[in-house]
Amino acid sequence: MRKVPRTRTCKPNRTVSIIGTGSYAPEHILTNADLARMVDTSDEWITSRTGIKERRIAGPKEFTSHMAAKAAQVAMEQCHIRPEEIDMIVVATVSPDTFFPATACHVQRLLGAKNAACFDVSAACSGFLYGLEIGQQFIANHTYNTILVIGADRLSSLVNWKDRNTCVLFGDGAGAAILRSRDESYGVITTYMGSDGSYGDILSMPGGGCALPVTSENCEQHLNTIQMNGKETFKLAVTSMQNAALRALQQANLEFSDIKCIIPHQANIRIIEALADRLKVPMEKIYVNLDRFGNTSAAAVAMALDEASRKGCFEIGDYILMVVFGGGLTWASSVIQW
Ligand code: ACO
């Protein structure tokens with residue numbers, strides 16, 4: 001029997017469900033062997049330190065909005081939603097096509113979703129769950145009925161391809177979910193979000209904004225590429241995802257034994273293994289696809305959710321837990337009854 005979540009009591013009585021999911025990864029595969037020909041690295045180093053074997057790289061004319069729209073189309077086909085039924089499009093990304101218009105507006109144009117209000121969310125790898133919570137709130141509060149939430153990133157355009165510390169980690173892709181209120185009780189149970197701006201420097205792209213505009217000097221110093229303190233990022237990723245997972249479960253009034261599948265941010269298998277160890281959950285309960293896609297930032301958890309649901313890793317009525325971490329720092333977790 002379903003337990004009654006604690007947070008439900010203070011929320012409007014309208015259950016918000018994910019009625020369709022979709023994902024998209026570019027065709028071009030960049031393997032560890034390919035990278036070993038570009039920088040001083042090896043398949044052995046990358047595999048043992050990260051678990052990543054290959055990642056997808058977008059074509060030169062394939063932008064974040066194109067990948068996002070393709071993932072959205074797959075999700076819309078699954079639940080038979082027409083573009084004009086979408087009331088709002090939220091795109092979580094840190095690699096927008098343009099500063100403005102928002103990538104969500106580009107996606108609107110590509111889909112023909114002319115009735116949607118569109119904006120982007122910047123929360124790095126945590127963005128998809130931030131978008132999910134925004135969408136759930138708008139539906140729960142009876143403002144909108146149908147919301148498209150997308151996590152999409154083209155980090156290949158933000159990576160310094162000469163920096164072996166970072167270029168081996170990331171890939172491109174997009175994942176999408178359609179939210180709607182449903183009569184059944186299944187849906188988003190609770191979402192928890194948190195941030196700590198004091199750790200902003202450990203994972204950032206310092207250049208490109210008004211603080212360090214695009215100049216040839218700044219570009220020569222690679223300030224418009226991803227900068228990362230790997231060791232600090234690793235530690236904070238484990239701790240913040242551990243705390244976020246526990247918090248969401250507490251809010252949902254559930255135990256780990258109630259959860260059928262855990263879908264974490266797909267950054268590094270060692271981070272995921274350390275998380276599993278701290279939470280005392282078996283790795284078999286955790287969905288992993290980073291070996292094939294690398295870290296696709298805001299897309300990662302959304303792509304994994306779509307894959308896991310299509311593979312039948314959970315069924316209607318099962319509880320799933322998503323937990324993420326990203327630059328900002330940001331973190332989030334969400335419990336959903338599928
Ligand atoms: N190939 C070969 N050697 C490398 C590579 C590489 N690709 N990258 C670094 N090295 C070298 C380093 O230069 C260092 O050499 P040195 O000892 O001579 O100085 C050596 O390997 C060890 O480096 P460490 O940093 O100690 O390696 P570590 O075991 O910590 O692994 C890694 C590095 C994989 C980056 C790890 O710290 C990590 O995964 N951190 C988290 C990264 C992450 O997940 N970032 C994104 C999360 S948030 C988001 O998704 C936006």
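Counting starts at 1 for both ligands and their atoms, in listed order.
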For this session: Establish, from distance only, whether the side-chain atoms of Thr225 and Asn160 form a donor-acceptor pair under 3.5 Å.
Result: no
Seminar exercise, completed: By salt bridge (Lys or Arg N to Asp or Glu O under 4.0 Å), Asp43 pairs with (sequence neighbours left out) Lys53
For this session: Decide whether Gln137 and Glu133 meet the rule of one side-chain donor and one side-chain acceptor closer than 3.5 Å.
Result: yes
Exercise. Salt bridge between Lys235 and Glu232, side-chain N to carboxylate O under 4.0 Å?
Worked result: yes
For this session: Could you please provide the protein residues found below 4.0 Å of ligand 1 on a heavy-atom basis, arranged by chain and number?
Result: Asp40, Thr41, Trp45, Arg49, Thr50, Cys125, Arg164, Asn165, Val168, Leu203, Met228, Gly230, Lys231, Thr233, Phe234, His265, Ala267, Asn268, Arg270, Ile271, Asn295, Phe325
Exercise. Without hydrogens or angle criteria, can the side chains of Thr93 and Asp153 be said to hold a donor-acceptor pair below 3.5 Å?
Worked result: yes
For this session: Could you go through the side-chain hydrogen bond (donor to acceptor under 3.5 Å, both in side chains) check for Tyr130 and Ser195 one step at a time?
Result: CA-CA 11 Å; Tyr130 275 56; Ser195 314; 2.9 Å; yes
